[in-house]
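In what follows, chains are A, B, ... by sequence order, proteins preceding strands, each numbered from 1. These numbers come from a predicted model, not from an experiment.
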Amino acid sequence: MHSAVRMLESSYFGNLPGVGEVHTGTTIMAVEFDGGVVVGSDSRVSAGEAVVNRVFNKLAPLHQRIYCALSGSAADAQAIADMATYQLELHGMELEEPPLVLSAANTVRNITYKYREELSAHLMVAGWDPYEGGQVYGTLEGMLIRQPFAIGGSGSSYIYGYVDATYKPGMSPKECQQFTTNAIALAMGRDGSSGGVIYLVTITAAGTKQEIILGKELPQFYDE
Amino acid sequence: MLHSAREPQGGFSFENCQRNAFLESSLKGLRVPHARKTGTTIAGLVFEGGVILGADTRATNDSVVANKNCEKIHFIAPNIYCCGAGVAADAEMTTQLMASNMELHALSTGRKPRVATVSRMLRQMLFRYQGHIGASLIIGGVDITGPHLYSVHPHGSYSHLLFTAMGSGQGPAISVLEDRFKPDMTLEEGQQLVVEAVTAGILEDLGSGSNVDVCVITQAGIKIQRAVSTPAVLSKRSET
């Protein structure tokens, strides 16, 4: 199977995967709460119209209490995550303490910004550190912006209304997990490039906890 | 972005790609020589004792069968093998390069090679070439951490899975695998399933054909069987 070479446009939303090129057409989300963050994603990886992997975990650990969520071109996103993990590990050794979430976000942002013409991926960085607590950073197209919650990927377009209406500051970790699960389930229901299972990671001072929400346990909404 | 012209520093030169595309579009009927693709079905799965890889043996040049019995299961290390799909030359040279690098790496670290290392080296190289190396690979092996199966795409993305299929015949093969795969199968069940998956590709895909090759990798060692099954046998020509 020969992959077609794509002509890259500078706008992230203008890039459509060519035949054979693998894309994580995706829904990713991260929410901050007092004391940590919840990060979630779907699990579908598509190449054109075929699903190449239906159980892919798009939540990649950058460090012990810092995760990133991958979206966009699978190869680009995985390559950036690998590079950022390596740079952060080195940075953490030099610091002799775990790096800040802001450092992780900057590491990812610097790669994305420097190669923005060639790359087509968006990595959302979220984690906990003892200085600022739980933080969520968006790094779309090389910017760096801290947000109380963030959504990304092709499926996110379908849930902007839902998350804007539902989010309230000061939610508990459990409420954040439910909020993330519901939002991703809704996006998976409407976006053809999102689907599979939901991966959730909750990061706090105590550590990271990963959950997988399988088909039967996905929240049910109105379905024709 | 403006770049000053730089001297080529070795490696691939893509300057003819633009010229070829222009010639094809401006001169009607001109067909630029294309790299030979192995229209292929390759598959792999993890069973209770290790990994089983399977592949068909047809290599095509557009719609002509260039090789009826080519080997698509390549050696990487004594405990790691790799099935290759996509452009034949790219798959062949990439796996040879990996085998060579893994031997050097093993000598340098003093440890037996790991499947994760092969996967990482492969995808970093393929990413560097931005998809111009048209090799889709399924890497399977048993190392100190257990049995592992990875699939790597030409642009450098990878998946770590329990079963997978790639190539032009991946559709039929993955349907068979999705239907009948269970975790921790026995060797007989696993081998039977891989053969069935590749057979589905051979029968349903025009780019795949001839025989099914199987490679079983366990802690104890590897066993390669060429032509385990021949799903479509040419009928005898009648005497006239």
Side-chain angles (χ1 to χ4, degrees), chain A residues 1-10 15 17-26 43-60 70-83 85-86 111 113-121 123 196-197 199 215, chain B residues 1 3 14 17-18 21 34-42 84-88 90-91 116 119-137 150-171 174-175 178 205 207-208:
Chain A
M1 193 167 68
H2 184 61
S3 302
V5 177
R6 291 184 302 129
M7 287 303 293
L8 282 169
E9 299 149 277
S10 54
N15 283 319
V19 172
E21 171 147 0
V22 181
H23 235 246
T24 53
T26 288
S43 66
R44 179 170 291 181
V45 180
S46 43
E49 284 170 350
V51 173
V52 164
N53 189 346
R54 58 180 170 81
V55 287
F56 182 69
N57 190 345
K58 300 176 191 180
L59 305 178
L70 315 175
S71 69
S73 156
D76 292 351
Q78 288 171 341
I80 298 171
D82 282 350
M83 283 185 242
T85 308
Y86 166 80
I111 301 170
Y113 182 72
K114 187 170 178 188
Y115 298 104
R116 58 191 300 216
E117 303 296 322
E118 291 91 354
L119 293 173
S120 169
L123 271 66
V197 303
Y199 286 98
Chain B
M1 280 160 103
H3 289 295
F14 297 108
C17 295
Q18 227 181 352
H34 286 279
R36 172 161 28 117
K37 293 179 351 198
T38 55
T40 290
T41 306
I42 51 177
V87 180
D90 289 347
S119 153
R120 188 167 274 237
M121 282 182 170
L122 259 173
R123 69 178 188 263
Q124 286 179 347
M125 183 185 122
L126 290 174
F127 183 76
R128 202 169 358 119
Y129 285 99
Q130 288 288 291
H132 289 288
I133 297 185
S136 302
L137 304 152
Y150 285 88
S151 66
V152 180
H153 291 258
H155 284 260
S157 57
Y158 77 103
S159 294
H160 187 188
L161 295 162
L162 289 176
F163 63 89
T164 186
M166 292 178 100
S168 53
Q170 66 178 353
I174 206 82
S175 328
E178 282 282 10
D205 173 44
S208 310

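- Atoms CD and CD, on B:Gln124 and A:Gln78 in that order, are 11.5 Å from each other to the nearest 0.5 Å.
- The nearest pair of heavy atoms linking B:Phe163 to A:Arg54 is CZ-NH2, 3.8 Å.
- Looking at B:Met166 and A:Val52, their side chains never come closer than 4.5 Å, going by heavy atoms from C-beta outward.
- Rounding to the nearest 0.5 Å gives a distance of 7.5 Å between CG of A:Leu119 and CD of B:Gln130.
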I would like to know whether A:Asp76 and B:Phe127 meet side chain to side chain contact (heavy atoms under 4.5 Å, CB included); could you show each step before the answer?
CA-CA 8 Å; A:Asp76 292 351; B:Phe127 183 76; 3.0 Å; yes

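- In terms of heavy atoms, B:His155 sits closest to A:Ala75 at O-CB, 3.1 Å.
- Contact record, A:Phe56 with B:Tyr158: CE1-O, 3.8 Å, taken as the closest heavy-atom pair.
- Heavy-atom minimum distance, B:Ser157 versus A:Ala74: CB-CB, 3.6 Å.
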